[in-house]
Amino acid sequence: FKEFFPAKIENKDVRKFLLDYTRHIPRDMIDLMTKIRDCCTGPISKNTIIAGINRYSADYFYGEIRDELVGILDDKVVDDLFSILQSMKTYRFTFKDMKATMDEMGIKMDLEQALSQLYDIGGIGTVTKKESNDEYSFKFRDRYSKYCSTDEIVIHLALQNALKARGKLERVGKALP
């Protein structure tokens, strides 16, 4: 890894940085690395990695999350859920805010059930305020964790990128030419 990748991106070890864009499962990491390789025209740089993350988010991760919801939720519910997420225009929000957006859009669904399923497959996490820090919880990091509608919702980094929600990659992506 040290031979081919920069040591850090955004002051974070590159291995941790890349892992944060996956659900900690091998197929996610394999696809991410493949997309980075496909973007290479020379040494692997920060820009190459960002370009690979952009492709991975749009071409792989978004579809994986949608596909995992199909069969669990009705197709219309999945479509509506992603429409609402895109309409949020931010990567972090409350259940109440999302419910208000859903109502404004005239969408009817059991939002709590849909978000619980999205949490279980790794598309969203929750944020709990602990003293002066935020504590992020994702099912793929703690398999015993459960979605709680009173916690803030955070969209997974790769899904943030695919949905064009304001988030970390937006800031990092400005390094691209």
query = V154 versus F93: any side-chain heavy-atom pair under 4.5 Å?
reply = no
remark   = Rounding to 0.5 Å, atoms CD1 (I124) and OH (Y91) come to a distance of 15.0 Å
message = If you compare all heavy atoms of A165 against all heavy atoms of I155, which two are closest, and at what distance to 0.1 Å?
response = CB-CD1, 4.3 Å
query = Does any donor atom in the side chain of T34 or Y60 lie under 3.5 Å from an acceptor atom in the other side chain?
reply = no
request  = Flag yes if more than 12 heavy atoms outside F1 fall under 6.0 Å of its CZ atom; otherwise flag no.
outcome  = yes
inquiry  = Does anything in residues 114-127 form a salt bridge (Lys or Arg N to Asp or Glu O under 4.0 Å)? List the pairs, not counting sequence neighbours.
reply    = D120-K139
inquiry  = Would you compute the distance between atom CG of L115 and atom CD of Q117 and round it to the nearest 0.5 angstrom?
reply    = 10.0 Å
ask   = For T22 and D28, does a side-chain donor sit closer than 3.5 Å to a side-chain acceptor?
value = no
task = Report the distance from atom OG1 of T90 to atom CG of L163, rounding to the nearest 0.5 Å.
result = 11.5 Å
task = Check the hydrophobic clustering (I, L, V, M, F, W, Y; side-chain heavy atoms under 4.5 Å; chains of links allowed) and say if Y56 and I30 are grouped together.
result = no
Side chains of T150 and T94 in contact at under 4.5 Å (non-hydrogen atoms) = no
ask   = Can you tell if the side chain of D59 reaches within under 4.5 Å of the side chain of K35, non-hydrogen atoms only?
value = yes
query = Considering all heavy atoms of both residues, which atom of S57 and which atom of A162 are nearest to each other, and what is their separation?
reply = O-CB, 3.4 Å
Value rounded to 0.5 Å, distance of OH in Y21 from CG in D31 = 15.5 Å
query = Can you check whether M98 reaches L81 side chain to side chain, under 4.5 Å on heavy atoms?
reply = yes
query = Could you go step by step and tell me if Y136 and R92 meet the side chain to side chain contact (heavy atoms under 4.5 Å, CB included) rule?
reply = CA-CA 11 Å; Y136 291 81; R92 193 169 155 174; 3.1 Å; yes
ask   = Taking the side chain as C-beta and beyond, is there a heavy-atom pair between V127 and D151 under 4.5 Å?
value = no
Contacts table for residues 100-110: side-chain donor-acceptor under 3.5 angstrom, sequence neighbours left out:
unit_1	atom_1	unit_2	atom_2	d
T101	OG1	D97	O	3.2
D103	OD1	K99	NZ	3.2
D110	OD1	E112	N	3.4
D110	OD1	Q113	N	3.1

task = Decide side chain to side chain contact (heavy atoms under 4.5 Å, CB included) for E152 and K129; before the verdict, give the C-alpha distance in whole Å, the side-chain angles of both, and the deciding distance to 0.1 Å.
result = CA-CA 9 Å; E152 255 188 309; K129 297 198 184 296; 3.9 Å; yes
Can you give the donor-acceptor pairs under 3.5 Å from side chains of residues 62-73 to other protein atoms, not counting sequence neighbours?
unit_1	atom_1	unit_2	atom_2	d
E64	OE1	R27	NE	3.1
E64	OE1	R27	NH2	3.4
R66	NH2	D79	OD1	2.3
E68	OE2	R23	NH1	2.6
E68	OE2	R27	NH2	3.1

query = Within a strict 4.5 Å, meaning less than it, do heavy atoms of the K12 and D20 side chains meet?
reply = yes
task = First locate atom CD1 of I49, then atom CG of L32, and finally report the distance between them rounded to the nearest 0.5 Å.
result = 9.0 Å
key: Partners passing side-chain hydrogen bond (donor to acceptor under 3.5 Å, both in side chains) against K96 (at least two apart in sequence or in another chain)   = none
request  = Search all heavy atoms of S145 against all heavy atoms of Y119 and return the closest pair with its distance.
outcome  = OG-OH, 2.6 Å
Pairwise distance CZ(R15) to CG(L19) - rounded to 0.5 angstrom = 10.5 Å
inquiry  = Could you check whether any side-chain N or O of E135 sits under 3.5 Å from a backbone N or O of K130, counting only pairs where one atom can act as donor and the other as acceptor?
reply    = no
query = Any side-chain heavy atom of S137 sitting closer than 4.5 Å to one from Y147?
reply = no
remark   = Residues at least two apart in sequence or cross-chain that pass side-chain hydrogen bond (donor to acceptor under 3.5 Å, both in side chains) with D38, listed by chain then number, are none
inquiry  = Around atom CZ of R141, are there more than 12 heavy atoms from other residues, nucleotides or ligands closer than 6.0 Å?
reply    = yes
ask   = So, D142 side chain and Y144 main chain: donor-acceptor pair closer than 3.5 Å or not?
value = yes
task = Apply side chain to side chain contact (heavy atoms under 4.5 Å, CB included) to the pair F82 and L159, showing each step before the final yes or no.
result = CA-CA 10 Å; F82 277 83; L159 195 54; 3.9 Å; yes
message = Would you say F61 ends up clustered with I25 if hydrophobic residues are merged whenever their side chains have heavy atoms under 4.5 Å apart, either directly or through other cluster members?
response = no
message = Just to verify, what does F95 make a ring pair (Phe, Tyr, Trp, His ring centres under 6.0 Å) with, not counting sequence neighbours?
response = none
request  = Flag the pair D74 / V78 as yes when at least one side-chain heavy-atom distance between them is below 4.5 Å, and no otherwise.
outcome  = no
